[in-house]
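Each chain gets a letter, A, B and so on, in the order the sequences are listed, and its residues count up from 1. These numbers come from the heavy atoms of this one structure, side chains and all, not from hydrogens, waters or symmetry mates.
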Number of protein chains: 2
Amino acid sequence: MTSTTETPGSNAQRERRRRILDATIALADSGGYDAVQMRAVADNADVALGTLYRYFPSKIHLLVTALGREFERAEAQSRTRVVPGDTAHQRVMHVLGVTTTALQKQPELTEALTRAFMFADASVAEEIHVVGVKLTAMITHAIDGTDEAREPTDEDMAIVRVIGDVWLSALMGWVTGRTSADDVTKSMDVAVKLLLR
Amino acid sequence: MTSTTETPGSNAQRERRRRILDATIALADSGGYDAVQMRAVADNADVALGTLYRYFPSKIHLLVTALGREFERAEAQSRTRVVPGDTAHQRVMHVLGVTTTALQKQPELTEALTRAFMFADASVAEEIHVVGVKLTAMITHAIDGTDEAREPTDEDMAIVRVIGDVWLSALMGWVTGRTSADDVTKSMDVAVKLLLR
DNA sequence: GCTATGATTGAAACACGTTCTAGATTCGGA
DNA sequence: TCCGAATCTAGAACGTGTTTCAATCATAGC
């Protein structure tokens, strides 16, 4: 199974790539989408601007890839533990709650990554797909509840997708300042209740 | 009831505003988000660049406002007629199907407006809210089915919001080339079935 | 009609994403 | 060890969103 970190290239290249993504996350965390300026990323990663563009063909690719790495981390962590809760509803809300709280603590970072994800066009399809897979994996795991994954039914998968969609929209509402983090949790609760009944 | 077209200013100003939005839609229709260049909009609307910025403080505001005007039009039209279908599910799918078909016919326009909507930040909250209201009004009307709107229940409203969220995500998938228009319809069908049961 | 005030214009200038170029540097293979 | 190819660097340059400014125009109130 080759699902995780397989990055091609020499050691030095893997290092550069890591420095670039680290700088991206740091800048995003400090000032959101606008603070992630390509020249600043290149400087902070000790890399020339041209090199940055050789690794990531656009700011959007860069940010969505960074988002993917964060999700990778979160999903890996969630995979290691049994999600608490007696019902699927409780377990899903637990995962979503934990995630929302985490995002809330880094609003600038969340804004940067979410907006990049939203703005992405067709050329970023692959990176976006990676994120989608991780997200659905997390929710599916929560519905299951056990660490031993049973095969999810078609309906399960449909429900997971809808939950993911609602989560994305809610996140968008929060990022654009139309709703509060509480509203995000509330609307997720309503949606999950409607779906997992 | 002051729900519709109330635009302040002199006649000449209303005219300018209309020309600007017309030019925006025309450019978006012809070449999508990238083709809506502020200098081009100003030229086509016979307006100075500075004037364009006096009317709309950014490209995003401009596009989201244009989206609002299109929704206004669509919602007004949908309001005038009884939605066909025996069940809420059928009626909602009818409205979503008609809308999706319409969007499919103008993919560049859809791409431009959707991406602007997605990329919007907090400063565009008001314009975005307008769009949200129109969208939920259309779906609510479809659930109702009658031209005489009865008061929707809390659950109705929650369902409508979830449907709107899923629709937005599906649209995003289509715009970014990850899914086909058929997929949009299919995923809406699944979501609506799950919700209106 | 005249004037003050605000709106509009045209054009320059700036910011940041992106591209391009010419010269180092690195690295794998003979 | 040396060569050629790929990669990296520094920096200039370009495109488009946005800002700014001086000059002109339109209009409401006298």
Side-chain angles (χ1 to χ4, degrees), chain A residues 7-21 23-24 27-28 30-66 111-113 115-124 127, chain B residues 7-21 23-24 27-28 30-66 111-113 115-124 127:
Chain A
T7 320
S10 70
N11 264 357
Q13 283 171 331
R14 254 194 307 282
E15 261 307 294
R16 267 188 212 100
R17 192 185 147 91
R18 188 192 55 70
R19 285 205 311 273
I20 290 172
L21 289 175
T24 302
L27 284 167
S30 78
Y33 186 87
D34 291 339
V36 182
Q37 301 187 357
M38 299 305 268
R39 290 173 178 86
V41 172
D43 280 358
N44 288 22
D46 269 315
V47 147
L49 189 57
T51 306
L52 172 53
Y53 273 94
R54 168 180 280 269
Y55 280 70
F56 300 96
S58 80
K59 176 168 171 172
I60 299 290
H61 281 84
L62 174 60
L63 280 165
V64 175
T65 305
E111 185 255 8
L113 299 181
R115 285 183 68 204
F117 189 80
M118 305 280 187
F119 193 56
D121 68 1
S123 74
V124 203
E127 286 85 349
Chain B
T7 321
S10 71
N11 262 358
Q13 284 170 331
R14 255 193 305 282
E15 261 307 295
R16 268 190 210 98
R17 192 186 148 90
R18 189 191 54 69
R19 286 205 309 274
I20 290 173
L21 290 174
T24 302
L27 284 167
S30 78
Y33 185 87
D34 290 339
V36 182
Q37 302 188 356
M38 297 307 267
R39 291 172 178 83
V41 171
D43 280 358
N44 288 23
D46 269 315
V47 145
L49 188 58
T51 305
L52 172 53
Y53 272 93
R54 167 180 282 269
Y55 280 70
F56 300 95
S58 79
K59 174 169 172 172
I60 299 291
H61 281 83
L62 174 61
L63 280 165
V64 176
T65 304
E111 185 255 7
L113 298 182
R115 285 184 67 204
F117 189 79
M118 305 279 187
F119 193 56
D121 67 3
S123 74
V124 204
E127 286 84 348

>> Tell me whether Lys59(A) contacts the main-chain N or O of Val36(A) through its side chain, where contact means a donor paired with an acceptor under 3.5 Å.
In response: yes

> Who are the side chain to side chain donor-acceptor pair (under 3.5 Å) partners of Arg18(A), not counting sequence neighbours?
Replying inline: Glu15(A), Asp22(A)

> Who are the side chain to side chain donor-acceptor pair (under 3.5 Å) partners of Thr65(B), not counting sequence neighbours?
Replying inline: none

> First and last nucleotide of DNA chain D in contact with chain A, 5' to 3', at under 4.0 Å to a heavy atom: what are they?
Replying inline: dT7(D) to dA13(D)

What is the distance from [atom1] of [X] to [atom2] of [N], rounded to the nearest Å?
X	N	atom1	atom2	result
Lys59(A)	dT18(C)	NZ	P	8 Å
Gln13(A)	dT25(C)	CD	P	18 Å
Asn11(B)	dT8(C)	CG	P	13 Å
Tyr55(B)	dA7(C)	OH	P	9 Å
Asp34(B)	dT18(C)	CG	P	11 Å

>> Going by the rule ring pair (Phe, Tyr, Trp, His ring centres under 6.0 Å), which residues pair with Tyr33(A) if we only count those two or more places apart in sequence or in a different chain?
In response: Phe119(B)

To the nearest 0.5 Å, what is the distance between [atom1] on [X] and [atom2] on [Y]?
X	Y	atom1	atom2	result
Phe56(A)	Arg17(A)	CZ	CZ	4.5 Å
Glu111(A)	Leu113(A)	CD	CG	9.0 Å
Asn44(B)	Ser30(B)	CG	OG	9.0 Å
Arg39(B)	Leu52(B)	CZ	CG	11.0 Å
Met118(B)	Arg115(A)	CE	CZ	13.5 Å
Leu63(B)	Glu127(B)	CG	CD	11.5 Å

> Considering only heavy atoms, which members of residues 36-54 of chain A lie under 4.0 Å from some atom of DNA chain D?
Replying inline: Arg39(A), Asp46(A), Val47(A), Ala48(A), Thr51(A), Arg54(A)

> What dot-bracket string describes DNA chain C from 5' to 3', counting Watson-Crick and G-U wobble pairs whose defining distances are under 3.5 Å, with [ ] for crossing pairs and | for pairs to another strand?
Replying inline: ||||||||||||||||||||||||||||||

>> Checking Leu27(B) against Gln37(B) for the side chain to side chain contact (heavy atoms under 4.5 Å, CB included) test, could you report, in this order, the C-alpha distance in whole Å, the side-chain angles of both residues, the deciding distance, and whether it holds?
In response: CA-CA 8 Å; Leu27(B) 284 167; Gln37(B) 302 188 356; over 6 Å; no

>> Assuming nearest nucleotide by heavy-atom distance, tell me which of Tyr33(B) and Arg16(B) is located more 5' along DNA chain D.
In response: Tyr33(B)

>> Considering every strand and a 4.0 Å limit on heavy-atom distances, what is the contact class for Phe56(B): base, sugar-phosphate, or nothing?
In response: nothing

